[in-house]
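Beneath this line is the structure, given in structure tokens, with notes to follow.
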Amino acid sequence: MKKTILIGLFSALSIAVFNSCTKSNSQTLASKTIEQGEEDEGYITIDTSQIPDDQFGKSVRYGRELMMKTAYYIGPNGKNGQYLGNKMNCTNCHQDAGTKPHAFNLMSSHDNYPQYRGRENKVLTLAERVNNCIMRPHSGKPLPLDSKEMVAFLSYFKWISKFVPKDGNFKGAKNLEIEFPDVAASPERGKVLFAENCARCHGNNGEGVYNADKSGYTYPPLWGQYGYQPGSSMHRVIKQAQWLKSNMPYDKVLLGKPYLTDKQALDIAAYVNDDSQHSRPNPKTLDYPDKMGKPIDYAHSPFNDNFTEEQHKYGPYKPIIAYWKKQGWKAVY
């Protein structure tokens, strides 16, 4: 039996039900891991030794390197270009270069795009989605669509997509679901939990810890000048709480077995994302031009309901979801 322990970092510094691995008629390179104490967890892993030894494989390898060491290659002092505005790496949020279960997994991204995105209220290509991340969490400027780096990102996403069923239904494809309490998330409770569980790695002031050569972060900043922007998915309390439940604290949580309760994850996310306490780089736009496509935890008006910005940010979320359901609308979060 193989015991899988999360070794990723908090990052992301752009989710639903825990999916069972299902059979597909598509040929994949999927292999499975087995969690200690379980008969078959059905988690998919990848084997990088299967990257082809040709020009495409070279691009795939560079794409994985870009995921792991984004700032080193294209950060403010990047070896191959200066596109990021901070030194966070893609793998800080999309852990293990986007292949870790329940950690903003990207293994179906190549198959899922083009896709409608409410943030822009239009259908985006995968390349546009990559640039969306570079411009928001990384406060950067877009990669040229025909650049070596963009082609490498897309090559890598295409290659890892071979390991998963083409219907995208596999265990760990989404972050763990949060069950909402009847009370609002609390930055005050979250501050205490942050000190207990997060500060030892990310610092009391959320400043993070650089790696040895300061080309990137071992533990990324959670707010401040070099943190992610308010327009980022991690700035949404529900979205971050789902990620926290799945992945943090990194040395205490097990794969698919949370250490934090749902309420604790929401409280920590509320503290980290409390703009009254923590400054961030300002986004150029607040996004979501269509109110119907705006996530309920995106706390910038206007809304398609009468709930306040504070309740949209911190909850309680059950009344918002119930109202949307009564109207026949689908609440996004």
Side-chain angles (χ1 to χ4, degrees), residues 11-15 56 58-95 97-98 104-161 215-217 220-221 223-236 239 280-290 293-295 298 300:
S11 57
L13 323 163
S14 174
I15 314 193
F56 174 69
K58 184 177 180 179
S59 185
V60 171
R61 289 186 181 89
Y62 183 39
R64 182 171 175 85
E65 280 286 295
L66 284 169
M67 291 291 298
M68 299 296 289
K69 299 192 292 184
T70 322
Y72 173 77
Y73 288 106
I74 58 173
N77 307 114
K79 174 183 177 182
N80 294 342
Q82 293 78 46
Y83 290 94
L84 309 186
N86 58 39
K87 292 187 176 182
M88 290 189 290
N89 299 312
C90 296
T91 198
N92 291 146
C93 290
H94 305 282
Q95 294 188 330
F104 290 143
N105 189 282
L106 296 175
M107 294 177 72
S108 284
S109 60
H110 189 268
D111 296 325
N112 290 340
Y113 281 84
Q115 180 187 113
Y116 172 79
R117 297 286 298 177
R119 186 195 302 277
E120 297 83 6
N121 193 32
K122 69 175 187 177
V123 174
L124 296 185
T125 66
L126 183 54
E128 288 175 312
R129 184 68 182 94
V130 170
N131 275 335
N132 178 295
C133 281
I134 287 175
M135 291 185 289
R136 287 183 174 80
H138 293 287
S139 297
K141 60 183 181 181
L143 287 168
L145 298 181
D146 61 349
S147 64
K148 178 182 177 181
E149 285 67 34
M150 181 60 78
V151 172
F153 274 123
L154 299 184
S155 298
Y156 175 68
F157 295 147
K158 179 179 180 179
W159 184 76
I160 62 175
S161 74
S215 64
Y217 286 95
W223 60 79
Q225 181 182 359
Y226 301 114
Y228 53 89
Q229 290 185 2
S232 308
S233 294
M234 274 290 195
H235 195 242
R236 291 164 43 199
K239 182 70 77 177
R280 296 189 178 282
N282 290 323
K284 295 179 180 178
T285 171
L286 294 180
D287 303 315
Y288 297 101
D290 183 358
K294 184 178 294 187
Y298 192 77
H300 300 286

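Note that the structure is predicted; figures quoted are calculated from it, not measured.
- With a 4.5 Å cut-off on side-chain heavy atoms, Phe153 and Arg129 do not count as touching.
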Kindly determine whether His138 and Ile74 satisfy side chain to side chain contact (heavy atoms under 4.5 Å, CB included), including the steps that lead there.
CA-CA 11 Å; His138 293 287; Ile74 58 173; over 6 Å; no
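- Glu128 has its side chain within reach of Lys122: a pair of non-hydrogen atoms, C-beta onward, lies under 4.5 Å apart.
- Thr70 pairs by the side chain to side chain donor-acceptor pair (under 3.5 Å) definition with nothing, not counting sequence neighbours.
- Distance check, rounded to the nearest 0.5 Å: CG of Asn86 to OG of Ser139 gives 5.5 Å.
- For the salt bridge (Lys or Arg N to Asp or Glu O under 4.0 Å) test, no residue two or more places apart in sequence or in another chain qualifies with Arg280.
- Closest non-hydrogen pair, Leu143 versus Ser147, comes out as CB-OG, 4.0 Å.
- If you take CG on Leu126 and CD on Gln115, they are separated by 9.5 Å, rounding to the nearest 0.5 Å.
- For the pair His94 (side chain) and Phe104 (backbone), a donor-acceptor distance under 3.5 Å is present.
- In terms of the side chain to side chain donor-acceptor pair (under 3.5 Å) criterion, Tyr72 has no residue partners (sequence neighbours excluded).
- Counted by atom type alone, Tyr156 and Arg64 present one or more donor-acceptor pairs between their side chains at under 3.5 Å.
- For the pair Pro144/Met150, no side-chain contact is recorded, criterion being any heavy-atom separation below 4.5 Å from C-beta on.
- In this structure, CE on Met107 lies 6.0 Å from CD1 on Ile160, to the nearest 0.5 angstrom.
- Annotation for Met88 and Gly227: closest pair CE-C, 3.9 Å, computed over non-hydrogen atoms.
- Heavy-atom minimum distance, Gly216 versus Ala71: CA-CB, 4.4 Å.
- Between Pro281 and Gly224, the shortest heavy-atom contact is CD-O, 3.2 Å.
- Taking Tyr73 as the reference, Tyr62 meet the ring-ring contact (aromatic ring centres under 6.0 Å, His included) condition, with sequence neighbours excluded.
- The shortest side-chain heavy-atom distance between Leu84 and Ile134 falls under the 4.5 Å cut-off.
- Evaluation of the side chain to side chain donor-acceptor pair (under 3.5 Å) rule for Asn121 yields Tyr116 as partners, not counting sequence neighbours.
- Between His235 and Tyr298, the closest side-chain pair of non-hydrogen atoms is not below 4.5 Å.
- Of the inter-residue distances, the one linking Cys90 atom SG with Leu66 atom CG reads 7.5 Å to the nearest 0.5 angstrom.
- Residues passing the salt bridge (Lys or Arg N to Asp or Glu O under 4.0 Å) test with Lys158, sequence neighbours excluded: none.
- Contact record, Ser59 with Val151: OG-O, 3.7 Å, taken as the closest heavy-atom pair.
- The side-chain contact (heavy atoms from CB on, under 4.5 Å) with Asp287 is formed by just one residue from the set Arg136, Lys294, Arg117; it is Arg136.
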Full working for side chain to side chain contact (heavy atoms under 4.5 Å, CB included) between Leu124 and Arg119:
CA-CA 10 Å; Leu124 296 185; Arg119 186 195 302 277; over 6 Å; no
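- Here Leu154 contributes atom CG and Ser109 contributes atom OG; the two are 9.0 Å apart, rounded to the nearest 0.5 Å.
- In this structure, the separation between NZ on Lys141 and CD on Gln82 is 7.0 Å, given to the nearest 0.5 Å.
- Here the side chains of Tyr226 and Lys87 are not in contact, with every heavy-atom distance at 4.5 Å or above.
- In terms of modelled atom types and a separation under 3.5 Å, the side chain of Thr91 and the main chain of Ala97 share a donor-acceptor contact.
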